[in-house]
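A short write-up of the structure that comes next.
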Amino acid sequence: MPDIAFVKPALPRSGALVLPLTEEAPLAGLAKQADEAAGGAIARGLEAAKFKGRKGQTATLWAPGAGLSKVVAIGLGKAADLAATGAEAGGGAIAGPLAQEREAVVAADGLAPALAASLALGVLLKSYRFDRYRTTEKEEDKPKLERVAVATSDATKAKAAFAPMQAVADGVFVTRDLVSEPPNVLTPAECAERCKALTKLGVEVEILGPKEMRKLGFGALLGVAQGSANEPRMVVMKWNGAAKGKKPGKPVAFIGKGVTFDTGGISIKPAGGMEDMKWDMAGAGTVIGLMAALAGRKAKADVVGLVGLVENMPSGTAQRPGDVVTTASGQTVEVINTDAEGRLVLADVIHYCIEKHDPRFMVDLATLTGAIIIALGHEHAGLFSNDDTLAQRIEAAGKAVGEAAWRMPLGEAYDKQIKSDIADMKNVGGRPGGSITAAQFIQRFVQGRPWAHLDIAGTAWSNKDLPTAPKGATAYGVRMLDRLVAEYYEG
Amino acid sequence: MIAVHFRRGAPGAEPPCVVPVAEGAAVPSGLAAAAAAARFTGRADAVLDLTGPPRRLLVGLGTAPTPLAHETAGAAAALAAGEATELSVAAEGVAPEDAASLAAGIALGAWHFDALRTRDVPKRLRRLTVRTGQPEAAEAAFARLAPGVAGCLLARELTVEPANRLTTRAFAERLEGLAEEGIDVEIHGRKWLEQHGFGALLAVGGGSDSPPRLVVLRWRGVLPVPPVALVGKGIVFDTGGVSIKPAAGMEAMRADMAGAAACAGAMLALARRGSPAPAVAVLAIAENATGARSYRPGDVIRTASRRTVEVIDTDAEGRLVLADALHHAITRFRPRAVIDLATLTGSVVTALGHHRAGLFGTEAALMAAAAAAGEAVGERLWPLPIGARHREDLASGIADLRQCAPASSGAFGGRLVPDACHAAAFLREFAGEVPWAHLDIAGVDTAEAPHALGPAGPTGFGARLLDRLVAMRFEQET
């Protein structure tokens, strides 16, 4: 990923220049200087390319003069409508055209410093690449962008606005790396091991293995794990950033489903698309990246993140449909479908979170159901909550950073669908309302506390490029929940 | 519908009597011991059948006895009454409006369909006498509710009919009967549809021996404003066409006209109420059959709006017929708002199950009013999104748009496609600038077991909701 610098507006003598332009706006500032130095070639070139500055429009001019190798114009839409997400998308659109440059200058002197920072964030987020396992890629195909100098009218302000964004971007990359890793590499133990890196940021990291979890009575999580040769883990990450001296308050808690690979178990999945199940730990990956983001920007809040890490495999020791397991809460569950394992893992981790950390509220994230994709598609995660204020805050935080959530219903009628003939509940409620009954299941473990559940099965991974994420792991949720904490739970 | 009377005086020993009890309230003295023994506390929809004689049916109203709670209590009593042919209600202690709601609930709960049974026909409730201190007030309140009940029951009557009886022609003929209620009925057949370019409705209906129909029901009202338009999907049977459905459960597809039936029911309710609001219903009626003239996946059809649509899946036929009906509704009537109802997608059942219908639309206020109307009558909705991506997924390589995303195009090996959202994004293209709401009722049109307001079978979902929506939002001039 490139380094981002904020500099005073000055025309580069060579290399690439990026012009973020609003709709129908004449060239001004640095862009105008460049155009004048190039004898008007930039204005003429943009005219010829019918570039109007419309949202998402791009134009590339090669060697327009003044020593510049390349000018990339990027449309930001109407100036009056330009918000942070629009500037990020503009930045994201630059990443591709600049990939083969080593350095570039962005003429953001026409933008407010905060928007210049957002634009830089967009470049950074979109420049992400997971290439750890490429060994034969040709040098000329590799991205080369090392430094982006953002020219802005107030470099100090822009830099200050960008500092927390850089920390959050680093958190996003932690998540994307974890989610992208193949399942033979990222086992539960390996994922837990990688959490230890967060101690460098000041996060307390505690790892629990099967022995500890057995003592805690994690019958549901261990039931899921028992079919795999890879042992399960639970990782607890604590960030105590609230102002010292005050009486320590209750932490906010984030809980992630981390199924490092989900075959479905004995209720095995169809083969087509099963490789996607490596990212069935995206909820956990998101919580880990979120903790890195919060600690990285020294959020003034007490936050605890918990992830349940297991692998769901079919084997001679695997749990069977029909098994009854006892959760840490003492409630019993009849396992009807071993592929509805995420809720079993969450049940125990959520119970532990309440008992041990007495949180102010909990948000869990899980790639929980295919049904949420059938319900909403890929633009919204499903948001379920027993607390309207919390739900509205999550929706608002998501909207602000371009990670949309859509509220879905809960209710007694749906809860009835998971009644079991033999145990307190069963782990599936049939196809109708499949995401809702999954949420109802989780709700049975929250003891009436403020809680929200994000079903991110449709948003954790993208099969095509998004404005600020290349195809692949999106890290959906990191920025939303970071914003949630920043907006409502700091200071 | 059963006959309902309102009378003064205490109920006698005959007929069996329904006794409503609010949660925690005292049970009438003669019944208190039995109620206590059976642990009956007046919990919502709890029913205690005391065989007597005299037979008494205690029904719980719960702690917040809303009008809807009285309706559901009435329906629960009717379902528990078994083969009683007459009932009374002990409503002396109940407000006249609530007495009326109890009666409406009993009428809804007592609905049945025996026309096709030839032997061992069960006895059914025919007559209800509500015992109240204010019979005139209760009767007047009931007169306001009865039209909605009648509309709901008409919707059920139509939906329950098997497809060999309720052919497209028979459906249209049944709707013609609404002329007696003061509704103008226009029926357009194949020739008219061809002349007017209803390519989508014609394509869907092409495979069947039973020709497609576009039925327009018009209630003129008295307000000098444009009408509110209701648009209904009326597929009298849906085989899926060339993209044929699996055999298991296909018999349920006789109810694939429930949207049109609900619209017809709503129109009946408006007429019976003498609603001041002008309203029009445009019902797209066809049979989606497999035949030598069936339309095919890959076909491009020209809709009534002249826009072209690439067919991907002939089983996504509902949105096609609705496209033509919506276009007709908005161009011919320039309505204040248009609301369509359709048993449109399996996807909405996966999303919301059987307890809520999916609500999509372009105007927040209209959607909020629809949701509120649904809450009031026990037909609950939940909003779902139409995102930019949903529309993008309908881009066609050959036509203006394609009707759905291919089944293989979704996540996880193609299986997971947000088809309800896609369908809504498709329909939006044909709703023009008119405020529009779309109710995907595929999960709620038929109940597998007795439900809050009736027996197993068609629910009539939508008829009372639309009637209430018109009453709440469209009976003023502005």
Side-chain angles (χ1 to χ4, degrees), chain A residues 55-56 262 264 269-277 279-280 339 367 369-383 404-418 429-440 455 457-464 466-467, chain B residues 44-45 62 72 249 345-360 371 374-375 378 380-394 405 407-425 440 442-444 446-449 451-452:
Chain A
K55 207 172 194 171
D262 181 15
K269 290 177 186 288
M274 206 206 275
E275 66 282 5
D276 284 345
M277 285 301 116
W279 49 265
D280 206 21
D339 194 17
T367 48
T369 65
I372 203 67
I373 304 176
I374 294 174
L376 299 175
H378 301 281
E379 282 168 295
H380 298 89
L383 168 62
W406 190 270
R407 187 92 183 260
M408 293 287 286
L410 292 165
E412 206 182 325
Y414 295 106
D415 196 65
K416 281 186 187 154
Q417 289 178 228
I418 55 170
R431 185 180 74 92
S435 305
I436 306 173
T437 54
Q440 292 291 159
D455 192 336
T459 52
W461 188 271
S462 180
N463 288 327
K464 53 183 186 185
L466 298 177
Chain B
D45 306 327
T72 55
T345 66
S347 153
V348 84
V349 186
T350 301
L352 297 174
H354 299 298
H355 310 301
R356 291 178 183 269
L359 168 64
F360 299 84
E375 291 292 327
R380 306 180 81 192
L381 307 178
W382 190 266
L384 289 171
I386 304 176
R389 173 90 178 263
H390 297 134
R391 178 62 186 84
E392 285 163 25
D393 290 345
L394 300 179
S408 59
S409 67
F412 300 108
R415 298 184 296 279
L416 308 177
V417 178
D419 189 46
C421 299
H422 284 152
D440 191 338
V444 293
T446 303
E448 280 179 20
H451 59 101

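All chains are named by letter (A, B, ...) in the order of the sequence lines, taking the proteins before the strands, and each is independently numbered beginning at 1. These numbers were taken from a predicted model, which means no experiment stands behind them.
Neither the backbone nor the side chain of A/Glu275 comes within less than 4.5 Å of any heavy atom in chain B. Of the two parts of A/Ile436, only the side chain, counted from C-beta on, holds a non-hydrogen atom closer than 4.5 Å to a non-hydrogen atom of chain B. No part of A/Met274 comes within reach of chain B, as not one of its non-hydrogen atoms sits under 4.5 angstrom from that chain. Only the side chain of A/Lys464 comes within less than 4.5 Å of a heavy atom of chain B; its backbone N, CA, C and O stay farther away. With a 4.5 angstrom heavy-atom cutoff, B/Val349 touches chain A via backbone and side-chain atoms both.
Note: B/His355 leads B/His355, B/His422, B/Arg415 in heavy-atom pairs under 4.5 Å with chain A. Ranked by heavy-atom pairs under 4.5 Å with chain A, the first of B/Pro383, B/Gly443, B/Gly410 is B/Pro383. Among the candidates A/Gly434, A/Pro409, A/Gly370, A/Pro432, the residue making the largest number of heavy-atom pairs closer than 4.5 Å to chain B is A/Pro409. In terms of heavy-atom pairs under 4.5 Å with chain B, the best-connected choice from A/Gly458, A/Gly433, A/Gly429 is A/Gly433. Residue with the most contacts toward chain B among A/Thr369, A/Asp276, A/Thr437: A/Asp276 (heavy-atom pairs, distance under 4.5 Å). In terms of heavy-atom pairs under 4.5 angstrom with chain B, the leader among A/Ala457, A/Ala375, A/Gly430, A/Ala413 is A/Ala413.
Remark: A/Glu379 CD to A/Ser462 OG distance equals 10.5 Å, nearest 0.5 Å.
Summarising the geometry of B/Ala411 relative to A/His378, their closest heavy-atom pair is CB-CE1, 3.8 Å, with the distance given to 0.1 Å.
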